[in-house]
Amino acid sequence: MSTPTLPLKQRLKRIAPYFANSRRGFVLMVLGSVVGAATEPMLPALMKIFFDSGSFKQPTFPLWMIPAVIISLFAVRGLAGLIAQYGLAWSANRGTQALRGALFERLMTVHPSLFNNNTASSLTGTLTYEAQAGAGLLVGSVLTLVRDSLTLVALLVYLLYLNWQLTLFVGLLFPAIAYVMRKLSKRLHRLTIEGQIAINEAAYVVEENVLAWRIVRLHGAEESQTRRFSKVSDTLRQLSIKSTMAAATMTPITQLIAACGLSALVVAALWQSGAQGGTTGGFVAFITTMLMLLAPIKHLSEVAGPITRGLAALERGVALINDVPAEQGGTFDPGRARGEIEMRHVSLRYKSDQAPALDDVTLHLKVGETVALVGPSGAGKTTLVNLLPRFLELTDGELLIDGHPVREWNVAALRRQFALVSQDVVLFNDTLAANVALGSELASQADRERVLKALLAANMLQFAQSLPHGIDTMIGHNGNQLSGGQRQRLAIARAIYKDAPILILDEATSALDSESERLVQEALDALMVGRTSLVIAHRLSTIKAADRVLVLDGGRVVEQGTHAELLALNGLFAHLHSLQFKTEPHPVAESTT
């Protein structure tokens with residue numbers, strides 16, 4: 001999701017809508033900055049008054065006025081700075097909250113291709129770290145930009161009042177400074193984007209090794225993975241150094257330009273004062289004000305780096321919203337579907353230069369029919385079922401649910417028709433009840449009773465009631481406090497609770513011990529009653545009760561029929577069956593049941 005380099009105005013325009021409701025804070029920030037900037041010329045003005053009133057002789061005004069004015073001046077400046085900082089922080093955090101909310105909302109509705117093209121760590125970083133870090137950088141940077149720009153203007157206005165001819169000479173500095181800052185900012189933006197990509201790569205390596213730590217240690221891959229991370233980390237280090245140097249270069253170059261100009265200006269002021277005359281106070285005030293210009297010029301030269309990094313971080317989030325399309329669907333919503341599925345010459349390619357994952361598949365599932373999908377790995381079984389809820393988009397052909405093309409269905413309505421029980425169960429770090437009723441609020445006692453009925457049908461109720469807090473017990477990250485069989489039955493309970501007319505079972509009983517498999521299979525048998533069911537299975541003994549078996553190979557349906565018919569056909573299914581039962585412990589008993 002790299003963002004192309006755009007002019008600063010366009011980049012700010014992309015971010016501005018998320019801060020539109022934060023105007024009050026910006027108004028406070030500007031008012032505080034205006035008041036603070038207005039106090040800046042007062043110090044040289046006081047020096048002018050003091051020197052013109054008699055230099056180091058007895059002044060014409062009471063001495064107590066000096067500390068009173070100076071203390072009041074700094075008190076007003078401090079209060080104005082506090083108001084400005086609070087106003088900007090309020091606006092920045094409110095805007096960041098709006099951006100994060102929009103990002104998460106888009107993540108919930110974005111086209112599935114986003115998840116295929118980006119890592120989980122990259123998306124997580126964009127939604128959380130980058131949005132917050134970008135706002136944090138902008139808070140201090142924008143305040144500095146506004147405050148010091150106003151200070152610069154206030155000091156220049158006072159210089160014009162003191163000596164407009166020399167002040168015009170000061171104006172020649174700014175085009176040169178602006179040119180340098182623009183050139184260096186472009187390079188800094190490019191390096192910032194490259195650095196963010198490198199951060200994502202490093203995060204991805206960490207993510208992979210956190211998830212696969214058992215495999216890494218089992219295969220003794222610690223050193224190779226460490227080298228892999230070190231390589232990515234070294235790239236990040238180099239980009240960070242380049243980015244730091246690009247930002248740091250702005251300040252000395254800007255200060256050098258300012259020093260050259262101000263040196264010439266001091267000489268000119270001294271010459272003008274000697275040639276044309278003038279008061280001591282006026283000369284001291286003019287020189288003091290010129291020297292005071294150095295601080296805001298220095299701050300403004302340093303602010304380009306944080307602003308560039310902050311904008312780049314926020315832009316990645318905005319790009320996720322603006323550049324990645326949301327899912328598009330139709331308006332058809334029949335409520336509850338009957339469950340008829342039809343594919344007409346369906347093909348799908350993941351990439352145009354690859355062989356098709358599905359090739360001219362035609363099939364028809366009647367309402368309430370149970371159809372098993374079998375075949376070697378890579379045959380297209382999972383691809384086929386992922387087409388049904390539009391997790392993938394077909395390349396050619398037509399897919400219909402109850403006689404209506406899936407593209408005409410409202411996307412949410414389409415997905416209401418499916419329940420999924422997979423080998424890879426996904427659970428949330430929430431209560432048992434919340435995981436069963438995923439997508440519902442459990443607002444009434446009737447909802448909780450429905451959860452209990454679902455758990456009972458999934459052979460899970462007795463276990464749930466034995467927990468310390470019953471169905472309100474937290475189950476940990478991805479259900480890590482449950483066994484494999486318990487997690488599987490919890491997924492079945494979720495499908496029972498949803499009560500969808502179409503059921504997808506993807507290796508739902510694999511990797512379970514015999515007792516867990518028996519309990520899971522009993523729950524599945526109850527779940528499949530009255531539903532159109534698609535069953536993906538590698539263990540061919542689990543699909544004997546299917547109404548039909550479709551055998552896929554190379555993305556095509558090469559055989560179909562009942563379990564017995566396919567064995568008699570002595571084709572690919574019979575071959576897979578014989579290979580599988582050669583490795584299973586009781587082939588004779590299996591073949592006679």
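FYI, side chains are in, hydrogens and waters are out, and symmetry mates aren't considered; it's all heavy atoms of this structure.
Between the CG atom in Leu114 and the CD atom in Glu327 there is a gap of 10.5 Å [rounded to 0.5 Å]. Atom CD1 of Ile536 and atom CG of Leu550 lie 11.0 Å apart (nearest 0.5 Å). Separation of atoms CG (Leu452) and CD1 (Ile471) is listed at 4.5 Å; rounding is to 0.5 Å.
In this structure, the side chain of Lys381 does not engage the main chain of Leu552 through any donor-acceptor pair within 3.5 Å.
Checked against the 6.0 Å centroid threshold, His477 and Phe428 do not count as a close aromatic pair.
The existence of a salt bridge linking Lys366 and Asp547 is excluded, since no basic side-chain nitrogen approaches an acidic carboxylate oxygen closer than 4.0 Å. The pair Arg450-Asp499 does not meet the salt-bridge criterion, since no charged nitrogen lies less than 4.0 angstrom from a carboxylate oxygen.
Annotation: ring-ring contact (aromatic ring centres under 6.0 Å, His included) contacts of Tyr497 (sequence neighbours excluded): none. With sequence neighbours left out, Leu394 forms a side-chain contact (heavy atoms from CB on, under 4.5 Å) with Val346, Leu387, Leu399, Arg407.
Within a 6.0 Å radius of CZ in Arg24, other residues, nucleotides and ligands contribute 12 heavy atoms or fewer. Residue Tyr350 qualifies as enclosed at atom OH: its count of foreign heavy atoms under 6.0 Å is above 12. Annotation: Glu398, atom CD; neighbour count of heavy atoms from other residues, nucleotides and ligands within 6.0 Å is above 12. Atom OH of Tyr86 has 12 or fewer neighbouring heavy atoms from other residues, nucleotides or ligands inside a 6.0 Å radius.
Between Trp409 and Phe332, the ring planes lie perpendicular to each other; the angle is over 60°, past the 30° to 60° tilted range.
Sorted by first and then second residue, the side-chain hydrogen bond (donor to acceptor under 3.5 Å, both in side chains) pairs with a member in residues 89-103 read Arg100-Gln132; sequence neighbours excluded.
Side-chain polar atoms of His364 and Glu340 form a donor-acceptor pair below 3.5 angstrom. Under the 3.5 Å distance criterion, with hydrogens and angles disregarded, a donor-acceptor pair is assigned to the side chains of Arg548 and Gln560.
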